[in-house]
Every structure is written in C-alpha cells, then in structure tokens.
Number of protein chains: 2
Amino acid sequence: MEKVILSIGGNALIRRGESGTIEAQFHNAESACGLVASFLKGGSGVIITHGNGPVVGNIVIRNEAAKGFVPPMPLYISDADSEGGLGFMIQQSVYNELKRSGISAEVVTLVTQVVVDRDDGAFSSPDKPVGPYYTSDEAERLQQVKGWVMREVSGQGMRRVVPSPAPRRIVEAPVIKKLSDDGVVVIAAGGGGVPVIENKDKTLSGIDAVVDKDRATTLLAKTTGVKSILNLTAIDCVYLDFEGAGRRPLRELRVEDARKYLKRGEFAPGSMGPKVEAAIEFIESGGVEVLITTPALMSEALRGRAGTRIY
Amino acid sequence: MEKVILSIGGNALIRRGESGTIEAQFHNAESACGLVASFLKGGSGVIITHGNGPVVGNIVIRNEAAKGFVPPMPLYISDADSEGGLGFMIQQSVYNELKRSGISAEVVTLVTQVVVDRDDGAFSSPDKPVGPYYTSDEAERLQQVKGWVMREVSGQGMRRVVPSPAPRRIVEAPVIKKLSDDGVVVIAAGGGGVPVIENKDKTLSGIDAVVDKDRATTLLAKTTGVKSILNLTAIDCVYLDFEGAGRRPLRELRVEDARKYLKRGEFAPGSMGPKVEAAIEFIESGGVEVLITTPALMSEALRGRAGTRIY
C-alpha cells in the first residue's frame, strides 16, 4: 500500500502568539488532520508524526512549578507524557474526521522510543533550549545541583539546553509498519519519540535529550517504506532570503539546489534548516518527495499551488 | 491464543509512603512486569492495563501549581498524559525483561479512549477525589469559577471529586485484540482509559471523569477474548473482616461467595470492593478466573500459595 507521513510541527499545534489552551490545540490538530480522510479514500495509508516543542515546554514548566510538592520528572518522561496527551488529541481529531466522512478505519497512538547513540557528538555540545527562563542565580544553582547545561537565550534569561542527538532506531517501527500496512492510521514518534540509549545487555534506558521531529520522521519513513512526507509547519513554504529584502518563495526545490542553498545559509537553523536537511536525507535514501506548508494550505499545496515540493 | 491480562494497580506503581520518584516508579513497574517473559514462554499472550491514581494526582498538582504561567489542562488530558508516561515506563520495563530473558516479542502502548454514557448516574453524584487538597475558601472559589464539585475528604481538607461512570466501549479494542492475537504485548486502557462521550454524529469528546481501572480491564478482557486476569495491587490478597479482629485471608473465592461477602460489606469501597465487583462481572460474563495479589507474590499466587483466586 502506498503510504504518506503527515508530519505536524509543534508550532502548528500551538501557534506563535497562542497561549496553548487545550481548545486551541484541538482546533489546530483538527485543522492539521483535515486531509486524512481524503488520503484514505485515495487508497493511501497514513502515518502521523508530530512535534511537541511548546507542549513539552508547558509540561516542563508545570514540573518546575510543583517541584516543592511532587517529585520532578526527567525530561524524557515529560516527552512520554506529551506523546500521550498530544497523541490522544490527534487520534480523536482523526477519528472524528473519519466519522464525519463516513470512512471506517482504526486510529491509534503508539508511545514511541527512539534509540540514540550514547557517544553522539550532541551530548558534548547540548544546544536545544527547553523549559522556562531562569535568573542567572537560579541557573547557576541548577547547573551545580542537577548538572544541567544552562545558556543565555536571546537576551530573555537563562534556559536549560539539552542535546539533540541523531535518531538511530525507532524501537516500535515493526508494529507501526504492520499496523499501517493493515490500513490503521498510526500516530507515532510524537515529539521525535522518547530518546533512549541501548545498554551493553541490549536493554534500554531513557536519557534527557530531544530528538528532532523531522529527523525521526525521516527515519520512520525509511523504516516503514513511506515515499512521501507532508510536513506541516507555521510557515507557508520554503523561502530564499527569508529575513531579507529579496525574499522569494520556492514552489519546487530539487535536492541538489536544496543542498546548495542550505550551504549558503538560506534556511534558519532551528526553523526551516532542519526541515530541509531532513528532506534531503529522506530523498537521497529513496524517498520521492517532501511537501512543506501550513495546515491551511495543504490542499492547495497538493495541487502545486502553495507550499514547497522538495524532490 | 490463550491470553492473560496483567492489571497493575496505581498503588503498585507508586506505593503508599513512597514519594513517587521516577526511579521508584520504574522499579515498581519492573517488579510488576517480572512474569511477562514466563507467560510468553508458556505460550500465552499478554495485555497489560494499569491504574494511574497517584501519578495523575501528581500531574494535576503540577497543573494547578503552574496555572498562572501556562493554560491548565482538563482532567482527561492529564489522563492521556499519564497513559504516555506510565505506558512508556511499563513498555520499557517489559522490553528490558524480554531482552534479559532472550525472548523476542514486540511491546507497545496504545493511548486508549473509553466511551462512557453521558447520562450515567455517576455524573449527577461525582465521588472520586482527584488532585490536591484545598482550603475551604479556595474550594468555594473553584466551585464557583470552574464548576468543580468539592468535598471534604478525611478531615484533611477539600478535594475535587469527579464522576466515575461505567465504561461502555473501548474505542481501540479491535487493534488491541489484533496486536495481541499476533503475539505483541500491548499496554492499554492505562488509568482506565481517557473517558470520552459519543456525540449524536458519532464523534467523540473528552470529558472530565475517571473510569475505574478494574471495570475498564473487565470490559477489555471481554472484548478481546481474555479468560484470566492477574490483578496486582498493594494488598497481598482478599480478606474477610480486613479492618477487624477476625481478619482472615481468602485463598480461593467462588463468585457466589464473593457476591455474598460484597453485600455484607466485607470489602472496602475504593479499595478491594471494586476489584471484587469487577472480578464477579468478568466471571459472570464468561471469564475463567481473577487472581488478586501483590507484584512480590505473583509467582506464589500462580502456584496457589498466595493471593486470592476468584472463580
């Protein structure tokens, strides 16, 4: 069965400027899942991955706010919590969309573990900010007491930074593949999955890190035989000179050009950069295309009238 | 394939007197999952359900502590979060146990929705306490602002009470059954599942309630063709006159006697009562047996030397 991955950005679930109420998150999830029924009608299987940036941020803030009353959770448990909460919202949104469209298909969320290498270079240079801002004094104390790496972020205070290692194996991939081959809509690798390392005896342990959702999605696509990725984010398409005067949207983007522009620094790190990088890796390893756009423009983008198609 | 449900009580995951650090929860999860490998070796499929009482309590406390900074979550989202976090812990514990035992089987957690009736009597008489204790003033304010029902609980302050309606349908049951028929260890209906109601157009909506884990487990067992339930809790077996001078353990308990004792008030509501009730319902609808004991006594109980067998 032909299959597509719908990859929903964390910023498409809690949009910039939104406070992130559950109602708003549900609304955004419904909007992002609006085409699942038509993919199924077209005979295509659907796997859904999603980011969790703003959501896990809220979980970490709650965790810190209550640390005097209840034992704090490591970051990887917050990740797992977010797979449950966001998975539920997306799963119910898809279920409801299918009911309204008169399509009968099962929808499930699989809590997903992603193996990373213990000696990944990212562990010696953590750079992904998570959780609340702290004063310098608090930051120093956390650095001493918890061993966290703290960094000044955009002049607003100190934040914890964690490693973002490369995903090596998606532990639950065989079941994800099997279910999706059977026509089940599967939500998986939420927030890039819960990062785990493999110990010498092959057992797994959680580790405080963040796996980039787009890299996890690429790995999942490769492992499950998916050829197309629809990457939904907060920006309508890939631009050249995004911040500059010569801003120019790209409707189509060949991998060779993508690599060239990337090298030239056209795509912001932490924003469009990793999406384009993940798209290049996907296509070079056998993928056919990646479409990058917003939930609102999905339909137009599939007709070639919006978004960016990387191929 | 013969199948067993391992049903892990919330109080077996965070034990009374424990603060509930993640290390302790992992330790308890590992202990509760210690027999999964031997069930699989014996040719039996395994589905795991679990409570979330103390864990979702912690999530709700975190939620309240941070309500000034991040939008609060409804209870059903906290439930979904706990399915992610606890599911991850149990799934990794089982995975590791299987690796150590040299058994190859997949393990997954499915975020589970449980349909309840909107006109279930429980909605007009909520009685399940959740979350932190409040002062009378705070309680009154919450009652007015949020419409919460607040109740004085055991002289320690006011708590929110929520309805505990009967589970009617486990939305993801077909996939749970299929996976478990295929030999996959499935963790599902965590915390009794996320309670949802079915709207007129057949779509689902989350609702603030708590589904009793043992009732959800019974329903799941019926729906998936499971004949035996191993119910792990904090008390080693079912007792007559538990709080009294004539305290007497029951090694075996026929359904007729169970019903008689239940009527006589031998089993505490909110503790052994609902477990025995759920066991009666399970056996009366075609189940073979329910074994109630602690994780530490599982092996002994399976040999008839500990716990209580209801049949």
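These values consider heavy atoms only, across backbone and side chains, with no hydrogens, waters or symmetry-generated copies.
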Rounded to the nearest 0.5 Å, how far apart are [atom1] of [X] and [atom2] of [Y]?
X	Y	atom1	atom2	answer
A/Leu86	B/Asp81	CG	CG	8.0 Å
A/Met89	B/Ile77	CE	CD1	4.0 Å
A/Met73	B/Ile22	CE	CD1	7.0 Å
A/Leu179	B/Lys178	CG	NZ	7.5 Å
B/Glu97	A/Thr203	CD	OG1	11.5 Å

Between [X] and chain B, which part of the residue has a heavy atom less than 4.5 Å away: side chain, backbone, both or neither?
X	result
A/Asp182	side chain
A/Ile59	side chain
A/Glu198	side chain
A/Val107	backbone

Would you mind checking which part of B/Leu110 comes under 4.5 Å of any heavy atom in chain A, side chain (CB onward), backbone (N, CA, C, O), both or neither?
->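 Looking at B/Leu110, backbone and side chain both touch chain A.
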When A/Asn63, A/Thr21, A/Asp79 are compared by non-hydrogen pairs under 4.5 Å with chain B, the top option |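 Option with the top pair count is A/Asn63.
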Identify which of A/Ile176, A/Ile187, A/Ile61 forms the greatest number of heavy-atom pairs closer than 4.5 Å to chain B.
->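 Highest number of heavy-atom pairs under 4.5 Å: A/Ile61.
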Which one, [options], leads in non-hydrogen pairs under 4.5 Å with chain A?
options	result
B/Pro71, B/Pro72, B/Gly85	B/Pro71
B/Val184, B/Val194, B/Asp201, B/Asn199	B/Val194
B/Gln113, B/Lys202, B/Glu64	B/Gln113
B/Gly87, B/Ser82, B/Ser205	B/Ser205

Between A/Glu106 and B/Pro174, is there a donor-acceptor pair closer than 3.5 Å when you use the side chain of the first and the backbone of the second?
->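 Not at all, since once roles are kept as given, no pair shorter than 3.5 Å links the two residues.
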Find out whether B/Val108 and A/Val111 are in side-chain contact, i.e. whether some heavy atom of one side chain is under 4.5 Å from a heavy atom of the other.
->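 No, every pair of side-chain atoms sits at 4.5 Å or beyond.
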Plane angle bin for A/Phe88 and B/Tyr76 - parallel if under 30°, tilted between 30 and 60°, otherwise perpendicular |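 Aromatic pair B/Tyr76/A/Phe88 classed perpendicular.
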Audit row: B/Lys99, A/Leu204, side-chain contact (heavy atoms from CB on, under 4.5 Å) steps and yes/no | CA-CA 9 Å; B/Lys99 282 290 165 199; A/Leu204 304 175; over 6 Å; no
